[in-house]
Protein chains: 2
Amino acid sequence: MVVKTSKERIFEEAANLFREKGYQASSMRDLSDRVGLKPSSFYNHIKSKEEILQKICLDNAMKFVDGMKAIKKDSTDPLEQLQAVIRLHIDIAIKDRSSVTVFNDEWKHLSEPHLANFLKMRKRYEKEFKNIIETGIKKKVFRKVNPAIALFTILTSLKWIHYWHKPKRKISVKDLEKDIINLLVNGVSS
Amino acid sequence: MVVKTSKERIFEEAANLFREKGYQASSMRDLSDRVGLKPSSFYNHIKSKEEILQKICLDNAMKFVDGMKAIKKDSTDPLEQLQAVIRLHIDIAIKDRSSVTVFNDEWKHLSEPHLANFLKMRKRYEKEFKNIIETGIKKKVFRKVNPAIALFTILTSLKWIHYWHKPKRKISVKDLEKDIINLLVNGVSS
DNA sequence: GCTATACGAATGAACGTTCGTTTGTAAAGA
DNA sequence: TCTTTACAAACGAACGTTCATTCGTATAGC
């Protein structure tokens, strides 16, 4: 697929635009300038502005859900699973930084029932993540930490990568993953 | 000051509204419903909608800058300083969750020159934070981690508290701080 | 004690602008 | 020929803000 369709370019440029200005502050006329189509032409390809947001949010939710499913299938060791989840977040953030930003920050502008669906998926994902931590504690692979606190601290700690990472940075993705895993698993203390 | 002035109520309700819906999606008419004033009446007390955002962002930036200054004055031990910074973030997040959310998420809607000022303050704060980590590594209090990665991981990991913490939660602020510090300093691994 | 003056606070109406979207039409592609 | 795509024009709705005016109250002059 060397040539992108208009529809593909609408979604791609919308993700970039939403990341830079936020969903509400991005107008269809702004988007028009980037795609090279007049605003009225969008509606030959999409149903509404919010459809763009819905697709971006749902696509990314699926990436995380599918990733989690694969991780639970690949391994039963909590430490391995935790490391794999951290890698999952970093990989997604680097592969498509615009989409993941929109997914992180703009989901609140979804209307019902899409908002409720999104939150349900997120809650389910968090529960599976927490389960990894709880199992690790039970198996004494992890220390006795509060699972909810560990869940949110780790989950949230991975939200800066899309904003920080640029191809020109010297560090490779593999090294970045290694450093962050090391930090979250072992802490900063020597 | 048992009775709040109209101006105080505007800023307070605006912070709540901006937190729930975001700055751009919050209209002066929305705010009007909460404050109990007609939109036109606002302009006897404030200059513009953005002035509200500016004050919230600047006030919170000051809280962090002042907090950091006090920490560097109180102690020279990197571990103590790191712990104090983590407590600072948690305390601010719990004391005024609406303002800190707006500070975290809505600063991008500031216009120039306020945006540039805000980013300059944030960068300076990050530099002072990073300095704590670097000093800790030099003094062998911390392991040899990448300072930039540690900075952003720790800084970002503290951004979920305002959203999660509610007074009805069983856990006290002191215990919450202890748990998070323990997690970030020592990691999850046993 | 009464009136006149001043002024902050609140308001309804309206402003110009921007928003997402629809419509009608014409060209291009199958 | 029939469908897809692009566009200019226009739509009603919502936006932040302004304006002239009114209201309520506190002070000053007599």
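The chains referred to below are lettered A, B, ... by the order of the sequence lines, with proteins before strands, and numbering in each begins at 1.
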- Query: Closest nucleotide of DNA chain C for A:Ala25 versus for A:Ser41: which of these residues is on the 5' side?
  - Reply: A:Ala25
- Message: Within the 4.0 Å heavy-atom criterion, would you say B:Ser32 contacts the bases, only the backbone, or no part of the nucleic acid?
- Response: nothing
- Item | Between D:dC15 (C1') and A:Arg29 (CZ): distance, integer Å | 13 Å
- Message: Does this structure show an ion pair linking B:Arg34 with B:Glu20, if we count only N-O contacts that are shorter than 4.0 Å?
- Response: yes
- Message: Strictly below 4.0 Å, N to O, side chains only: are B:Lys55 and B:Asp59 in salt-bridge contact?
- Response: yes
- Measure from NZ on B:Lys49 to C1' on D:dC15 and round the result to the nearest Å. 8 Å
- Query: Which residue lies toward the 5' end of DNA chain C, A:Glu50 or B:Asn44, if each is placed at its nearest nucleotide?
  - Reply: B:Asn44
- Rounded to the Å, how far apart are B:Lys47 NZ and D:dT17 P? 11 Å
- Is the distance from OP1 or OP2 of D:dA6 to the nearest side-chain N or O of A:His45 less than 4.0 Å? yes
- Message: Please check if the number of heavy atoms outside A:Lys72 that lie under 6.0 Å from its NZ is greater than 12.
- Response: yes
- Query: Does A:Ser40 get its side chain close enough to the base of D:dA8, under 3.5 Å, for a donor-acceptor pair?
  - Reply: yes
- Given atom NE2 of B:His109 and atom C1' of D:dC15, what is their separation to the nearest angstrom? 15 Å
- Message: Between C1' on C:dA14 and OH on B:Tyr43, what's the gap in Å once rounded to a whole number?
- Response: 14 Å
- Message: In this structure, how many angstroms lie between the C1' atom of D:dT4 and the CD1 atom of A:Ile46, rounded?
- Response: 16 Å
- Gap between atoms CG and C1', on A:Leu37 and C:dT21 respectively (whole Å): 16 Å
- Message: Centre-to-centre under 6.0 Å for A:Phe11 and A:Phe18, is that the case here?
- Response: no
